[in-house]
**Q** 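Can you keep this structure in mind? I'll have questions shortly.
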Protein chains: 2
Amino acid sequence: MSPRGQQAARAVSQPAQQSVRRPTVQDVAREAGVSPSTVSRALHTRGYASPDVRARVRAAAERIGYVLDHNARNLRSRTSTSIGVLISDLRNPFYADLAAGIEEELRAAEYQMVLVNDNGDPAEEMRAAETLLAMRVPGVIVTPVTAKCPRVLQENGVHVVCADRELGRSNGDVVMSDNKAGARELTDHLIALGHTRIGLLIDETKWSTGAGRLAGFRAAHLDNFVDLDEDLIAYTSFDADAARETTRKLLNEHEVTAIISANNVLAQGALAELKDRRLRIPRQISLAAYDDVPWMSLVQPALTTVDQHTVELGRSCARLLLARIRGDLPARRRIVRVPARLIVRGSTGPAPRG
Amino acid sequence: MSPRGQQAARAVSQPAQQSVRRPTVQDVAREAGVSPSTVSRALHTRGYASPDVRARVRAAAERIGYVLDHNARNLRSRTSTSIGVLISDLRNPFYADLAAGIEEELRAAEYQMVLVNDNGDPAEEMRAAETLLAMRVPGVIVTPVTAKCPRVLQENGVHVVCADRELGRSNGDVVMSDNKAGARELTDHLIALGHTRIGLLIDETKWSTGAGRLAGFRAAHLDNFVDLDEDLIAYTSFDADAARETTRKLLNEHEVTAIISANNVLAQGALAELKDRRLRIPRQISLAAYDDVPWMSLVQPALTTVDQHTVELGRSCARLLLARIRGDLPARRRIVRVPARLIVRGSTGPAPRG
DNA sequence: ACCGAATGTGGCATCGATGCCACATTTCGG
DNA sequence: CCGAAATGTGGCATCGATGCCACATTCGGT
């Protein structure tokens, strides 16, 4: 009775405990003395049922402990109340907050969140997309790793909202922080403090997040008539150790009076390096970050940041997707920019005198 | 054609874009020249299919872009590969890490995580349980808010693993940190540094988490022959501001040379108060916390903590639940204790001299 | 050679809820 | 008063995949 080994790795489960048979609409119908069709209409669906019948059916359902079967409903009605959410790392507070905002809005609308952590890996992302197609979800919110994922979903009739960034030129909805404006405001703040040698720690510029932040950094220099030394734009990979190493090299090779870190992970590395060198913040060097996560207000001195309102970003994603699913929107794609807000704390101060 | 207002608040969605008809097993059967039964067996289920037929069916499925429908599969097979996960606050790094570990293990086993944030609210928790029953999930991992939720799920034939804590006396599986041993080790550490006046900041002791941490605190005093002043056990509500106020009162009313905070949220409040008072850590007062989240190693001085290995806790929950679902375990309930580990950093030092 | 077990295929009913529509009754507007 | 629209009910097919089993063939052991 053992199948060929080829099947061994697939998810196999025993049915939920066998002795538990759940009441169906047939049972409710018998209990209430109406037809199964009437039960369905009285409990859930569009269509007519008199107030008296509704009350009778509801009482009967409650009496016998009836619980709808989403699988049956989804199959017949050809849709689902599950929404896919693809993020890059649940352990990063940015994504955790994003997911929190999304989940909150979905729950309020009686949708369920199916959360997948693709680890920023293109293969995992596509695997997740396939799974969500199999689940027949009507919509997906994705922090895209490749342009392929949103496209495949859309080609299969699934509504997609890209969160935080878009890749390439898609034709779908996007919700993101106003990266350029936020980075510009932060850089303005430092320039107003007298800084003309500002390092930028950044991991990527091919995604709209990094690109927007870099653009804001550049624009602030331009608008304030401050020359930008291209060597102060320091590229690093997306982990705190690499960022720390890059900060070390930046400080060793260049005169810098302030550092902007393009996200919370890089900020960790930069801070660790400054502490290691026993540099006094902000007296000797100012440090600021794009994103605001809890530790940034707990360190001493607390970090000046740009708050992306990440939870609100998540809520906005969910609201947009739900409106799209309900057909409340015109076909034209929508780009929602959530304003970012500068939060000045103790880590930024006047540029040291030469 | 408008239904009565009573239906207006329910989740209503348009089918995924209408013009997209998905290929079914009937289509694959035609393409491969076999029966639909054979398609099903060749692609997914237990049962026999020859290697030649398997290859032919797979090629046909790929050619026409066939994607399984989980709803149909779940309905017929009376189970599902979705797993419910109920947590209390996705914005708290503890729960985010827990969910991350769970998701990782589920994904590897080709299960999907349906994540609900119940906000530690009993009503929300029960609502989530109802939804998961409707989805016919075979298992749920829950950080329980009430004893009712695990019970109702189990009565309906759903396997349950309680994470982090158990309420009352349930008969289900539990995975938790070894709270007592961890708290004891932390308290031992402070006593070994000469502290005899150790404050404990704690928000609850009715759950096994708080109760275990308190028990460890007491046991360390007893075993080291240090008298425990009951007034140094300071109760507070579960938010950083309340913890801060409670810390203030504790310091105003009692001589204390060290503070243990029972979780990461309370530690935030305590740290803020110590900083406000400009107390020198650890020279004037030591601070330690149960739980280890990123900010704790980033503040100055870095906090001495007990690392719950929260991601591993999550993995362990998922592995246990999957084993239960697969019928790999004897009926007897299982309690898994994940060892906690003391991490000594700069925030704890010798007790100040009288 | 014979028999039982294993392998393999196809037919058909099944899972539980809803879409669709025929039919009946009531309400509303001209 | 009459016709159209709205309200309400029940019957039956449908959604897409799999469980179950009858039947056929092959393989291994005696």
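Note on naming: letters A, B, ... go to the chains in the order of the sequence lines (proteins, then strands), and numbering restarts at 1 for each one.
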**Q** Are the side chains of A/Leu321 and A/Asp173 in contact, using a 4.5 Å heavy-atom criterion?
**A** no
**Q** Say you draw a straight line from CZ of A/Arg54 to CZ of A/Arg41; how long is it, rounded to the nearest 0.5 Å?
**A** 9.0 Å
**Q** Decide salt bridge (Lys or Arg N to Asp or Glu O under 4.0 Å) for B/Lys148 and B/Glu155; before the verdict, give the C-alpha distance in whole Å, the side-chain angles of both, and the deciding distance to 0.1 Å.
**A** CA-CA 10 Å; B/Lys148 185 180 177 186; B/Glu155 285 168 358; over 6 Å; no
**Q** Do A/Thr81 and A/Arg73 have side-chain N/O donor and acceptor atoms under 3.5 Å apart?
**A**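 Distance-only check passes for A/Thr81 and A/Arg73.
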**Q** Please encode protein proximity along nucleotides 15-26 of chain C as a string of B, S and -, counting only heavy-atom distances under 4.0 Å.
**A** BBBBB-------
**Q** Decide, yes or no, whether a salt bridge links B/Arg91 with A/Glu103 under the criterion of side-chain N to carboxylate O below 4.0 Å.
**A**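 No, no charged N to carboxylate O under 4.0 Å.
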**Q** Bend across the helix from C/dA1-D/dT30 to C/dG30-D/dC1, to 10°, with axes taken over 5 pairs at each end?
**A** 10°
**Q** Taking A/Glu130 first and then A/Arg127, would you say they form a salt bridge - that is, a charged N and a carboxylate O separated by under 4.0 Å?
**A**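 A/Arg127 and A/Glu130: not salt-bridged.
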**Q** Take the protein atom OH of A/Tyr48 and the nucleotide atom P of D/dA6, then report the distance between them rounded to whole Å.
**A**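 Spelled out: OH on A/Tyr48 to P on D/dA6 is 7 Å.
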**Q** Say whether B/Ser37 and B/Ser40, considering side chains only, have a donor N or O and an acceptor N or O under 3.5 Å apart.
**A**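 Note: B/Ser37 and B/Ser40 side chains miss the donor-acceptor criterion.
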**Q** Is there a side-chain contact between B/Thr38 and the phosphate of C/dG10, meaning an N or O under 4.0 Å from OP1 or OP2?
**A** yes
**Q** Considering only heavy atoms from C-beta outward, does the side chain of A/Arg56 approach that of A/Glu31 to under 4.5 Å?
**A**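 Heavy-atom side-chain distance check fails, nothing below 4.5 Å.
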